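The structure presented is a predicted model; accordingly, all values stated were derived computationally and were not measured. Just so you know, ligand 1 is whichever comes first in the structure, and atom 1 is the first atom listed for that ligand.
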Amino acid sequence: MKEQTLVLIKPDGLKKSLTGNILTRLSETKLDIVGTKIVQVSKELAEAHYCHLKDKPFFPELIHYIMGDYHKKKVMALVYWGEDAIGKVRSICGETNPEKADSVSIRGAYGRITTNGVYENVIHASENSKEAEREIKLWFQPDEIIISNIYPTEEIEKTIKARRWK
Ligand code: IDP
Ligand code: MG
């Protein structure tokens, strides 16, 4: 089944100049990139993204980490699309704990655990299709993804103040 998944190259991945290596590893999946952007992660976005972990003792550190307080204040967000996208990407990423992850996986090769116990595991990938939908809708607007109708949309009229090139 063709499906979509959210990938984030986390601030440690960007700081360590691992973007190219990580994208090369992900290209082994032969999936299509259908959306991408660089994001400065707000506290609100960080907390919404990791809302399922809000009661964990490491939650405050995790929010600092994903906001880039320990590395660079940016994250590269991508949507990958294709056959079994969620499983293929998760398998190349490896286990959550970078010390336990297979050493040929992205997290096994590039991740570490800090002395404060933060898992700096360089990449995020959606766990299942429900989470992928929630996360893609959180990080991307419909028009930022080149395939239409991955999820239902509606047209609205809105008046907003925006910047444009002079
Ligand atoms: P996942 O990223 O493999 O889906 P989740 O359980 O959803 O794993 O956790 C989200 C992120 O929170 C992890 O990628 C990692 O950065 C961090 N994390 C998860 N468990 C721990 C832990 O036990 N200690 C420290 N950080 C953790
Ligand atoms: Mg997860």
Problem - Nearest protein heavy atom with distance in Å, relative to atom 17 (C) of ligand 1 - result: Leu62 CD1, 3.7 Å
Exercise for the section: Using modelled atom types only, decide if a donor and an acceptor are shared between the side chain of Arg112 and the backbone of Val118 within a distance under 3.5 Å. Expected result: no
Practice task
Could you tell me whether any N, O or S atom belonging to Glu127 is less than 2.8 Å from the Mg ion (ligand 2)?
Solution key: yes
Exercise for the section: List the steps and the verdict of salt bridge (charged side-chain N to carboxylate O under 4.0 Å, His left out) for Lys130 and Glu133. Expected result: CA-CA 5 Å; Lys130 197 161 163 261; Glu133 176 170 356; over 6 Å; no
Completion exercise
Ranked by distance from atom 25 (C) of ligand 1, the top protein heavy atom is Gly117 O, 3.3 Å
Problem - Proximity flag Glu61 to ligand 1, non-hydrogen atoms under 4.0 Å - result: no
Fill in the blank from the handout: Per-atom filter on ligand 1: closer than 4.0 angstrom to a heavy atom of Leu53 are 9 (O), 10 (C), 12 (O)
Problem - Candidate pair Lys43 and Met67, rule side chain to side chain contact (heavy atoms under 4.5 Å, CB included), full reasoning - result: CA-CA 7 Å; Lys43 192 155 197 270; Met67 288 179 69; 4.0 Å; yes
Problem - ligand 1 versus Arg107: contacting region, heavy-atom distance under 4.0 Å - result: side chain
Problem - Best match, Tyr65, Tyr119, Phe59: closest heavy atom to atom 23 (O) of ligand 1 - result: Tyr119
Exercise for the section: List every atom of ligand 1 that sits less than 4.0 Å from any heavy atom of His52, numbering the atoms from 1 in the order shown and giving each element. Expected result: 7 (O)
Handout entry: Axial cation check for Tyr65 ring with Lys10, 6.0 Å and 45° limits
Key = no
Handout entry: Main-chain N/O of Gly68 paired with Lys74 side-chain donor or acceptor, under 3.5 Å
Key = no
Exercise for the section: State whether the side chain of Asp102 and the backbone N or O of Gly94 hold a donor-acceptor pair below 3.5 Å, judged by distance alone. Expected result: no
Fill in the blank from the handout: A student checking ligand 1 against Arg90 at a 4.0 Å heavy-atom cut-off should list atoms 1 (P), 3 (O), 4 (O)
Problem - Test item: Leu62 and Tyr119 side chains (from C-beta on) under 4.5 Å apart, heavy atoms - result: no
Problem - Glu95 and ligand 1 - part of the residue with a heavy-atom distance under 4.0 Å - result: neither
Exercise for the section: Determine, using heavy atoms of Lys10 and all atoms of ligand 1, whether some pair is separated by less than 4.0 Å. Expected result: yes
Practice task
Evaluate whether atom NZ of Lys137 has more than 12 neighbouring non-hydrogen atoms of other residues, nucleotides or ligands under 6.0 angstrom away.
Solution key: yes
Problem - Location of contacts on Asn121 toward ligand 1, heavy atoms closer than 4.0 Å - result: side chain
Exercise for the section: Using a 4.5 Å cut-off on heavy atoms from C-beta on, say whether the side chain of Val122 contacts that of Ile9. Expected result: no
Exercise for the section: Quick one: look up the protein heavy atom nearest atom 7 (O) of ligand 1 and list residue, atom name and how far away it is. Expected result: Glu127 OE2, 3.1 Å
Completion exercise
the protein heavy atom lying closest to atom 3 (O) of ligand 1 turns out to be Thr96 OG1, 2.5 Å
Completion exercise
At under 4.0 Å between heavy atoms, what of Phe58 touches ligand 1? The answer is side chain
Practice task
Would you confirm whether Thr24, through its side chain, and Gly20, through its main-chain N or O, come within 3.5 Å as a donor-acceptor pair?
Solution key: yes
